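Values below: every heavy atom of this structure, side chains too, minus hydrogens, waters and symmetry copies. None of these values were measured; they are calculated from a predicted model. Index from 1, following the sequence.
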Amino acid sequence: MTEVHVARGALYLGHLALSDAVKPDAARAIAALTARGTRVALLSGDAEGPVNALARDLAIPEAHARLSPADKRAQVAAWRAAGHRVAFVGDGLNDAAVLAEADVGIALGTGTDVAIEAGDVVLVSGAPTGVLTAIEVSRRTLRNIAQNLVWAFGYNVALIPVAAGLLALAGGPFLNPMLAAGAMAASSVLVVLNALRLRRMEAA
C-alpha cells in the first residue's frame, strides 16, 4: 500500500495506508493472456512497494514503478524498436501519451476522457477480460476477411472466363448472362453471410 503520513504542525497524527482495488477479473485476464504466449508487463507511476506487490499478486513477471508519462511512452517505444508489437491498456490521464505510442492503445471505458480519446480500442465495460474479447474479435475478423477474399477471387477467376465464352471455344455451351449475374449476386450474398458469422461470437 501507499502510506500517507499526517501531521498538524510539529504533531504527528498518524498515517493512512491507501491502495486501489484490483478489478475482479484482472487475474483471470492476465492468466489467459500469459497462457496464449503474450508477454505481460506492468507500467505504473506508483512506488515500487505497491507496484511489486500488485505484480506478485497478479503473477505479472515484469513491473516498472515510478514512471512518468514520458517514461511509460519511452518504455513502449523501446519495446517497439526491439521488434515487439505492443498493446497498452490504460485508463488514466497519465496514460494518454503511451496509448498513442503503442501499436494498439486499449482504453478502459470507465477511465478518463483523455485516455478514451487516445485509445484505438475502447472497452466500454471497463473489464480487463474485454482485452481477450478484443483480441479474439480482431483475429476472427482478419480470418474472415482472408476467407472472403479467397472465395471472391477464386469465384471470379473460375466463372469470368466461362461467362466470356471459354467453354464455347471448346464446343461447350455459352453461359446465359442472366445466370452469370445471378452467380455474381450469390457470391456477394455468401461473402456477407460469412462476415455475419462474427455476430455469433460471445465475449470472453
Side-chain angles (χ1 to χ4, degrees), residues 22-43 58-61 72-73 76-77 79-80 82-92 95-163 175 178-204:
V22 178
K23 291 183 180 293
D25 59 341
R28 182 158 56 93
I30 292 169
L33 288 170
T34 302
R36 294 184 179 197
T38 302
R39 174 184 170 189
V40 180
L42 174 62
L43 305 182
L58 296 179
I60 300 176
K72 292 181 183 180
R73 184 172 184 176
V76 169
W79 283 331
R80 294 185 65 196
H84 300 294
R85 288 177 295 175
V86 182
F88 184 87
V89 183
D91 64 354
D95 295 329
V98 68
L99 283 167
E101 175 66 32
D103 292 300
V104 180
I106 303 176
L108 301 182
T110 53
T112 63
D113 291 340
V114 174
I116 292 173
E117 287 294 327
D120 301 301
V121 178
V122 178
L123 305 179
V124 178
S125 68
T129 48
V131 175
L132 302 171
T133 302
I135 292 173
E136 187 61 26
V137 166
S138 67
R139 286 178 175 170
R140 293 194 185 191
T141 300
L142 288 174
R143 184 166 64 241
N144 195 283
I145 290 171
Q147 292 169 350
N148 286 343
L149 286 174
V150 169
W151 167 258
F153 278 108
Y155 196 86
N156 283 300
V157 168
L159 289 186
I160 286 178
V162 175
L175 181 63
M178 296 296 291
L179 293 177
M184 294 305 298
S187 173
S188 298
V189 170
L190 289 174
V191 166
V192 171
L193 290 177
N194 187 42
L196 289 175
R197 290 190 305 116
L198 293 171
R199 293 173 58 89
R200 297 186 300 178
M201 178 183 167
E202 295 183 358

All pairs passing ring pair (Phe, Tyr, Trp, His ring centres under 6.0 Å) where residues 116-153 contributes a residue, at least two apart: Trp151-Tyr155

side-chain hydrogen bond (donor to acceptor under 3.5 Å, both in side chains) partners of Asn194, counting only residues at least two apart: Gln147, Asn148, Arg197

Residues forming a side chain to side chain contact (heavy atoms under 4.5 Å, CB included) with Ala41, sequence neighbours excluded: Glu62, Trp79

Contact check, side chains of Val76 and Leu43, non-hydrogen atoms, under 4.5 Å: yes

Sequence neighbours excluded, every pair satisfying salt bridge (charged side-chain N to carboxylate O under 4.0 Å, His left out) that has a member inside residues 109-128: none

Side chain to side chain contact (heavy atoms under 4.5 Å, CB included) involving Ser125 - partner list, sequence neighbours excluded: Ala127

Set of residues satisfying side chain to side chain contact (heavy atoms under 4.5 Å, CB included) with respect to Ser138, sequence neighbours excluded: none

Atom of Pro61, atom of Ala59 and distance for their closest heavy-atom approach: CD-O, 3.6 Å

All salt bridge (charged side-chain N to carboxylate O under 4.0 Å, His left out) counterparts of Asp103, not counting sequence neighbours: Arg80

Hey, can you pull the donor-acceptor pairs under 3.5 Å for the side chains in residues 83-91, sequence neighbours left out?
none

Check: Leu42 and Leu58 side chains under 4.5 Å, non-hydrogen atoms: no

Set of residues satisfying side chain to side chain contact (heavy atoms under 4.5 Å, CB included) with respect to Ala118, sequence neighbours excluded: Ala96, Leu99

